J.: 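Quick one: the structure is below, questions incoming.
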Amino acid sequence: MEGPLQTFTHVCHENGQWMSQLPEKLWDIPLYNLALPGSHDTMTYCLDKSSAVSGNESKLVKFLSKCLPCIVHPIIMKWSTTQVLTVTEQLEAGVRYLDFRIAHKANDPSMNLYFVHMVYTTVTVQDIMWEILRWLETHPQEVVIIACRNFDGLTKRLHNHLVACIKEIFRCKLCPRNVVPTLRTMWHLSHQVIVSYEEDMELEKHCELWPPIPYWWGNKTSTRALIRYLERMKRMGRPGKFFVAGINLTENLRYILVHPFGSLKKMTLQSLPCLKIWIKKQYPGPKKKSINIIAGDFIGNNDFVKDVIELNTKINPPLHCQSELEQIAFNSLLNL
């Protein structure tokens, strides 16, 4: 036990400040043209074992969960948990995209919001936002992208409450969506947080919120099928700004029945060698087949984060492009 733990702690320490250690030639490239490691379903490390099934689940799942909780709940936990590191540990490991699925519990009279993946988390959204802020304050040159998505049970009043909390907690660290988010610009303006928000009404009201970030979700049980899907999406062409290539496999009922002693973790670990090869072949940048954010499950395993970060060494902008990027960044500063 001791050896692997020490190795992992060392890896985390190495990647905790990776953005500040990028070469200067990359400081004027927008973050959506860099390679950024992300975690899929970031908060599932703290799912509540005693929680009711979320409101978004099917009637059958809810019924079985009520009638056979001793059987159904352990199965749900095995196939819903996608991460084991805490959010601070993920950030320290080098993750810079956080996938937040936010929910309000049915029949809960309070304004408390939780994270959800079939069941709710033990921690609230507000507590995790404060935890992220504390980490950012000790890592002033790191930038984190927070994707608020797949809202479950949020009313207009709860959306207002959530956005108010985000603005209160991060304040001037929030990067407005009219800024070209290069590292040089973000550092100059002391911005460290980009929040994408999957709700049009709130986007219209708040310039601090960015549009939803497209997520390439293959919904595949096999690694080969997932890679074929990702390659097909690349051939269609990357979006203009931020987007995520999800390397996470997805179970279905048939897969669970065929693998009664399986789990999402076993499924993921088996896929990592092939996915590692695929990751190493990728190129960040603005070209049609380039990648941006790559998000995975159980990000502490393998060298996933390091492999994604190292893709940035493939970027070598010509000198004339560098001067153009610097001018864009400078103009962005003048317009604020």
Side-chain angles (χ1 to χ4, degrees), residues 38-90 95 98-132 146-159 161-162 165-166 169 197-199 215 217 219 246 248-253 255-257 259-268 295-300:
S39 59
H40 166 251
D41 260 311
T42 302
M43 294 305 302
T44 56
Y45 64 86
C46 59
L47 293 176
D48 186 351
K49 294 177 183 177
S50 61
S51 163
V53 172
S54 78
N56 273 354
E57 298 306 320
S58 68
K59 290 181 180 179
L60 177 61
V61 172
K62 291 177 186 175
F63 174 76
L64 291 174
S65 179
K66 284 183 180 179
C67 296
L68 302 166
C70 295
I71 297 173
V72 175
H73 263 256
I75 295 172
I76 288 175
M77 296 301 292
K78 281 201 307 178
W79 294 99
S80 295
T81 301
T82 67
Q83 307 296 339
V84 293
L85 300 185
T86 68
V87 72
T88 296
E89 289 169 339
Q90 291 181 41
V95 166
L98 303 175
D99 176 18
F100 283 176
R101 320 292 180 93
I102 297 175
H104 182 257
K105 293 180 180 179
N107 304 317
D108 182 355
S110 77
M111 299 283 281
N112 289 337
L113 297 174
Y114 297 85
F115 304 95
V116 67
H117 191 213
M118 290 198 75
V119 293
Y120 303 101
T121 55
T122 55
V123 298
T124 65
V125 173
Q126 201 164 353
D127 287 343
I128 292 301
M129 296 291 188
W130 283 113
E131 186 176 338
I132 293 168
I146 300 174
C148 299
R149 55 198 293 257
N150 287 36
F151 295 114
D152 178 359
L154 268 69
T155 60
K156 184 178 179 180
R157 181 165 168 255
L158 287 167
H159 275 295
H161 171 66
L162 174 57
C165 287
I166 291 169
I169 292 167
Y197 204 87
E198 212 170 68
E199 172 57 49
Y215 194 110
W217 175 51
N219 193 19
N248 50 291
L249 293 174
T250 306
E251 81 292 344
N252 53 34
L253 182 57
Y255 188 93
I256 292 172
L257 292 174
H259 300 82
F261 302 107
S263 68
L264 188 59
K265 186 168 187 177
K266 288 181 182 177
M267 188 183 190
T268 300
D297 292 334
F298 301 102
I299 59 92

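As a basis for the values below, the full set of heavy atoms in this structure was taken, side chains included, without hydrogen atoms, waters or symmetry mates. In this text, all values refer to a predicted model and were calculated from it rather than measured experimentally.
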J.: Report the residues that fulfil side chain to side chain contact (heavy atoms under 4.5 Å, CB included) with Lys105, sequence neighbours left out, ordered by chain and then residue number.
T.: Asp108, Tyr114, Tyr120

J.: Can you name the side chain to side chain contact (heavy atoms under 4.5 Å, CB included) partners of Asn219, sequence neighbours left out?
T.: Trp217, Thr250

J.: Of all residues at least two apart in sequence or in a different chain, which pass the side-chain hydrogen bond (donor to acceptor under 3.5 Å, both in side chains) check with Asn248?
T.: His40, Tyr215

J.: Parallel, tilted or perpendicular: which describes the rings of Phe151 and Tyr197, with under 30° parallel and over 60° perpendicular?
T.: tilted

J.: For Asp41, enumerate each residue passing the salt bridge (charged side-chain N to carboxylate O under 4.0 Å, His left out) test, keeping only those at least two apart in sequence or located in another chain.
T.: Arg101

J.: Is a side-chain donor or acceptor of Gln83 paired with a backbone partner of Tyr45 at a separation under 3.5 angstrom?
T.: no

J.: Any side-chain heavy atom of Met111 sitting closer than 4.5 Å to one from Arg157?
T.: yes

J.: Does Ser50 have any side chain to side chain contact (heavy atoms under 4.5 Å, CB included) partners at least two apart in sequence or in another chain, and if so, which?
T.: Asp48

J.: For Thr124, which residues count as a side-chain hydrogen bond (donor to acceptor under 3.5 Å, both in side chains) partner, sequence neighbours excluded?
T.: Asp127

J.: Report the residues that fulfil ring pair (Phe, Tyr, Trp, His ring centres under 6.0 Å) with His161, sequence neighbours left out, ordered by chain and then residue number.
T.: none

J.: How far does CE of Met43 sit from OG1 of Thr82, to the nearest 0.5 angstrom?
T.: 10.0 Å

J.: How would you list, by chain and number, every residue that makes a ring pair (Phe, Tyr, Trp, His ring centres under 6.0 Å) with Phe115, sequence neighbours excluded?
T.: Phe100

J.: Please enumerate all residues that pass side-chain hydrogen bond (donor to acceptor under 3.5 Å, both in side chains) together with Glu131, with sequence neighbours excluded.
T.: Thr88

J.: Can you measure from CG (Leu154) to CD (Glu198) and round to the nearest 0.5 angstrom?
T.: 12.0 Å

J.: Without swapping roles, check the side chain of Lys49 against the backbone of Met77 for a donor-acceptor pair under 3.5 Å.
T.: no

J.: For residues Ser39 and Gln90, is any side-chain donor paired with an opposing acceptor at under 3.5 Å?
T.: yes

J.: Mind checking what makes side chain to side chain contact (heavy atoms under 4.5 Å, CB included) contact with Leu249, not counting sequence neighbours?
T.: Thr223, Leu226, Met267, Ser271

J.: Looking at CD1 of Ile166 and CD1 of Ile146, how far apart are the two atoms once the value is rounded to the nearest 0.5 Å?
T.: 7.0 Å

J.: By side-chain hydrogen bond (donor to acceptor under 3.5 Å, both in side chains), which residues pair with Thr122, not counting sequence neighbours?
T.: none

